[in-house]
Participant: 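Below you'll find the structure I mean.
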Amino acid sequence: MSLEKTYIMVKPDGVERGLVGEIIKRFENKGYQLVAIQQFETNKDILNQHYEDLKEKPFFPKLLNYMLSGPVVGMVWQGKDVVKTGRKLLGETDPLKSAPGTIRGDFCIDVGHNICHGSDSVKSAEREICLWFPNGIVTWERKCMHDLIYE
């Protein structure tokens with residue numbers, strides 16, 4: 001079975017509020033495997049690359065200021081359908097449209113401070129993982145857990 005990877009980032013408000021562990025817990029409880037994690041101090045260059053598709057939007061300067069307001073925690077998760085399911089775990093971009101039980105549905109209110117980012121496609125995940133983890137990630141296979149999670 002081919003396991004895909006996704007990039008999940010806890011934004012400055014999530015780090016400040018101490019929600020990194022809660023987000024890790026939800027992904028681990030689902031059965032996904034954490035294969036990389038690092039706290040980053042962001043800068044305009046990396047954020048311009050990360051949000052390249054949003055640079056022309058009127059809200060981009062406000063997004064940039066928000067993302068520069070504190071450290072972020074970047075993670076790479078691996079598992080079956082992790083991109084699509086990871087976004088479901090995070091909830092809708094607008095927290096008020098997020099279902100209770102999702103990260104955004106449980107922990108935030110405004111779209112401008114929505115705690116986390118998740119890759120929206122396998123292609124985006126590959127690009128974001130290379131951007132945030134330019135030295136690569138350690139790939140390893142679970143020995144016992146894999147058979148408990150997957151058929």
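We count residues from 1, following the sequence as given.
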Participant: Give, for atom NZ of Lys5 and atom OG of Ser119, the distance between the pair rounded to the nearest 0.5 Å.
Facilitator: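 Between Lys5 NZ and Ser119 OG, I get 12.5 Å after rounding to 0.5 Å.
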
Participant: Using the rule that Ile, Leu, Val, Met, Phe, Trp and Tyr join whenever any side-chain heavy atoms are under 4.5 Å apart, tell me whether Val111 and Leu90 fall into a single cluster.
Facilitator: no

Participant: Hey, is the main chain of Gly118 close enough, under 3.5 Å, to the side chain of Arg87 for a donor-acceptor pair?
Facilitator: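 Checked: pair present.
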
Participant: Give, for atom CD1 of Ile129 and atom OG1 of Thr6, the distance between the pair rounded to the nearest 0.5 Å.
Facilitator: 6.5 Å

Participant: Is there a donor-acceptor pair under 3.5 Å between the side chain of Arg127 and the backbone N or O of His50?
Facilitator: yes

Participant: Is the closest side-chain heavy-atom distance between Val72 and Val10 below 4.5 Å?
Facilitator: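 Not in contact.
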
Participant: Quick check against the 3.5 Å criterion: does Arg26 have a side-chain atom that pairs as donor or acceptor with the backbone of Gly101?
Facilitator: yes

Participant: For the residue pair Asn114 / Lys11, report whether a side-chain donor-acceptor contact shorter than 3.5 Å exists.
Facilitator: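 On atom types as modelled, these side chains qualify, holding a pair under 3.5 Å.
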
Participant: Look at the aromatic rings of Tyr66 and His113 and report parallel, tilted or perpendicular, splitting at 30° and 60°.
Facilitator: parallel

Participant: State, to 0.1 Å, how close Pro12 and Ser69 come at their nearest heavy-atom pair, and which atoms those are.
Facilitator: CB-OG, 3.5 Å

Participant: Run the numbers on Leu47 and Leu68 for side chain to side chain contact (heavy atoms under 4.5 Å, CB included), then give the verdict.
Facilitator: CA-CA 9 Å; Leu47 291 172; Leu68 290 168; 3.7 Å; yes

Participant: Parallel, tilted or perpendicular for Tyr32 and Phe27, by the 30°/60° rule?
Facilitator: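 Judged by the thresholds at 30° and 60°, the geometry between Tyr32 and Phe27 is tilted.
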
Participant: Would you say the side-chain atoms of Glu4 pair up with the backbone N or O of Val122, donor to acceptor, closer than 3.5 Å?
Facilitator: no

Participant: Drop me the distance from Asn29's CG to Ile24's CD1, to the nearest 0.5 angstrom.
Facilitator: 11.5 Å

Participant: Treat each ILVMFWY residue as a node, draw an edge where side-chain heavy atoms are under 4.5 Å apart, and state whether Leu34 and Leu19 are in one component.
Facilitator: yes

Participant: Any non-hydrogen side-chain atom of His117 less than 4.5 Å from a side-chain atom of Tyr7?
Facilitator: yes

Participant: Run the side-chain donor-acceptor check on residues 38-46: report pairs under 3.5 Å with partners two or more places apart or on a different chain.
Facilitator:
unit_1 : atom_1 : unit_2 : atom_2 : d
Thr42  : OG1    : Met67  : O      : 2.8
Asn43  : OD1    : Asp45  : N      : 3.0
Asn43  : OD1    : Ile46  : N      : 2.9

Participant: Is it the case that Ser124 and Asp120 place a side-chain donor and acceptor less than 3.5 Å from each other?
Facilitator: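 Short answer, yes.
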
Participant: Any side-chain to backbone donor/acceptor pair from Thr102 onto Leu89? Under 3.5 Å, distance only.
Facilitator: no

Participant: Side chains of Leu96 and Ile109: does their closest heavy-atom pair fall under 4.5 Å?
Facilitator: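 Contact flag for Leu96/Ile109 side chains = yes.
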
Participant: Under the 3.5 angstrom rule, does the side chain of Arg104 hit a backbone N or O of Ala99 as a donor-acceptor pair?
Facilitator: no

Participant: Working to the nearest 0.5 Å, report the span between CH2 of Trp77 and OG1 of Thr85.
Facilitator: 13.5 Å

Participant: Report the distance from atom CD of Glu28 to atom CD1 of Ile23, rounding to the nearest 0.5 Å.
Facilitator: 12.5 Å

Participant: Using the rule given for side chain to side chain contact (heavy atoms under 4.5 Å, CB included), can you reason through Phe107 versus Asp13, listing the C-alpha separation, both sets of side-chain angles and the distance that settles it, and then say yes or no?
Facilitator: CA-CA 10 Å; Phe107 296 111; Asp13 54 327; over 6 Å; no

Participant: Measure the spacing between CD of Glu22 and CZ of Arg17 and express it to the nearest 0.5 Å.
Facilitator: 11.0 Å

Participant: A side-chain contact here means heavy atoms from C-beta on lying under 4.5 Å apart; do Phe133 and Ile37 qualify?
Facilitator: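 Not touching, per the 4.5 Å side-chain cut-off.
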
